[in-house]
Amino acid sequence: QLQLVESGGGLVQTGGSLRLSCVASGSTFIINRYSDNAMGWYRQAPGKQRELVATITSGGNTNYLDSVKGRFTISRDNAKDTVYLQMNSLKPEDTALYYCNAKGRELSWRQYDYWGQGTQVTVSS
């Protein structure tokens, strides 16, 4: 079992910044089991589909939603049990509930997919 605990959401003005944190606990060894195992952030606004914002693999590769490139940065600590999302130049359209996700393989044949509870980000105009 893997638990994901998120923090850092809040209310900011347009152009402001927030840093989201996601701490993993439990069977954290599975995160680094394979180099393509990934942690990431998704977001969902009311009445809209959930979308992937950014991911980072155990091997260090990153991927971003086009609309956040150059503004958001995903990173992890040395132990790879915490993932961060630094959000700069925030816009009202970034307002959403942000979820932390851990997805990959425990073994070559056994996959996992865990989610945090979500943290609210609200950008006022």
Side-chain angles (χ1 to χ4, degrees):
Q1 176 77 354
L2 190 67
Q3 293 82 43
L4 304 175
V5 180
E6 303 162 354
S7 62
L11 173 64
V12 296
Q13 297 183 59
T14 297
S17 298
L18 283 173
R19 190 192 193 200
L20 306 184
S21 299
C22 173
V23 179
S25 61
S27 302
T28 57
F29 68 90
I30 68 174
I31 297 172
N32 298 326
R33 183 67 179 83
Y34 297 97
S35 62
D36 58 348
N37 285 354
M39 296 192 70
W41 294 91
Y42 290 70
R43 68 186 183 188
Q44 187 169 27
K48 299 185 68 177
Q49 298 275 0
R50 185 178 299 186
E51 62 183 352
L52 190 149
V53 178
T55 60
I56 184 166
T57 68
S58 179
N61 293 326
T62 58
N63 191 35
Y64 296 91
L65 179 69
D66 284 345
S67 62
V68 308
K69 287 180 179 177
R71 300 190 297 121
F72 292 9
T73 303
I74 189 169
S75 62
R76 51 174 165 77
D77 68 9
N78 292 335
K80 299 183 179 180
D81 60 1
T82 302
V83 64
Y84 306 94
L85 185 67
Q86 179 66 48
M87 304 186 294
N88 298 326
S89 302
L90 283 162
K91 305 173 180 179
E93 50 263 45
D94 295 318
T95 296
L97 188 64
Y98 283 70
Y99 295 92
C100 182
N101 172 253
K103 187 176 183 178
R105 298 181 182 273
E106 301 175 48
L107 299 167
S108 61
W109 51 269
R110 189 164 70 193
Q111 301 176 34
Y112 66 87
D113 191 2
Y114 294 99
W115 294 88
Q117 79 288 345
T119 185
Q120 179 67 40
V121 171
T122 302
V123 185
S124 65
S125 60

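This is a predicted model, so every value here is computed, not measured.
Among residues at least two apart or in separate chains, disulfide bond (SG atoms under 2.5 Å apart) pairs with a member in residues 7-50 are Cys22-Cys100. Annotation: side-chain hydrogen bond (donor to acceptor under 3.5 Å, both in side chains) contacts involving residues 116-125, sequence neighbours excluded, comprise Gln120-Thr122. For residues 106-118, every residue pair satisfying the salt bridge (charged side-chain N to carboxylate O under 4.0 Å, His left out) rule, not counting sequence neighbours, is listed here: Glu106-Arg110. Counting only residues at least two apart or in different chains, ring pair (Phe, Tyr, Trp, His ring centres under 6.0 Å) contacts with residues 90-114 comprise Tyr112-Tyr114. Counting only residues at least two apart or in different chains, ring pair (Phe, Tyr, Trp, His ring centres under 6.0 Å) contacts with residues 33-54 comprise Tyr42-Trp115. Annotation: salt bridge (charged side-chain N to carboxylate O under 4.0 Å, His left out) contacts involving residues 57-66, sequence neighbours excluded, comprise Asp66-Lys69. For the disulfide bond (SG atoms under 2.5 Å apart) condition, no pair includes a residue of residues 24-67, sequence neighbours left out. Residue pairs meeting the ring pair (Phe, Tyr, Trp, His ring centres under 6.0 Å) criterion with at least one partner in residues 51-77, sequence neighbours excluded, do not occur; the list is empty.
The CG atom of Asn37 sits 13.0 Å away from the CD1 atom of Ile56 when rounded to the nearest 0.5 Å. For the atom pair Leu97 CG and Glu6 CD, the distance stands at 7.5 Å (nearest 0.5 Å).
In the displayed structure, Gln13 atom CD is contacted under 6.0 Å by at most 12 heavy atoms of other residues, nucleotides or ligands.
Follow the hydrophobic side-chain contacts under 4.5 Å out from Leu2 and you reach Leu20 in the same cluster. No path of Ile, Leu, Val, Met, Phe, Trp and Tyr side chains, each step under 4.5 Å between heavy atoms, connects Val23 with Phe29, placing them in separate hydrophobic clusters.
Ser21 is linked by a side chain to side chain contact (heavy atoms under 4.5 Å, CB included) to Ser7, Tyr84, counting only residues two or more places apart in sequence or in another chain. Taking the side chain to side chain contact (heavy atoms under 4.5 Å, CB included) definition, one finds that Asn88 meets it with Ser17, Gln86, sequence neighbours left out. Judged as a side chain to side chain contact (heavy atoms under 4.5 Å, CB included), and not counting sequence neighbours, the contacts of Glu51 are Arg43, Leu65. The salt bridge (charged side-chain N to carboxylate O under 4.0 Å, His left out) check on Arg71 picks up Asp94, with sequence neighbours excluded.
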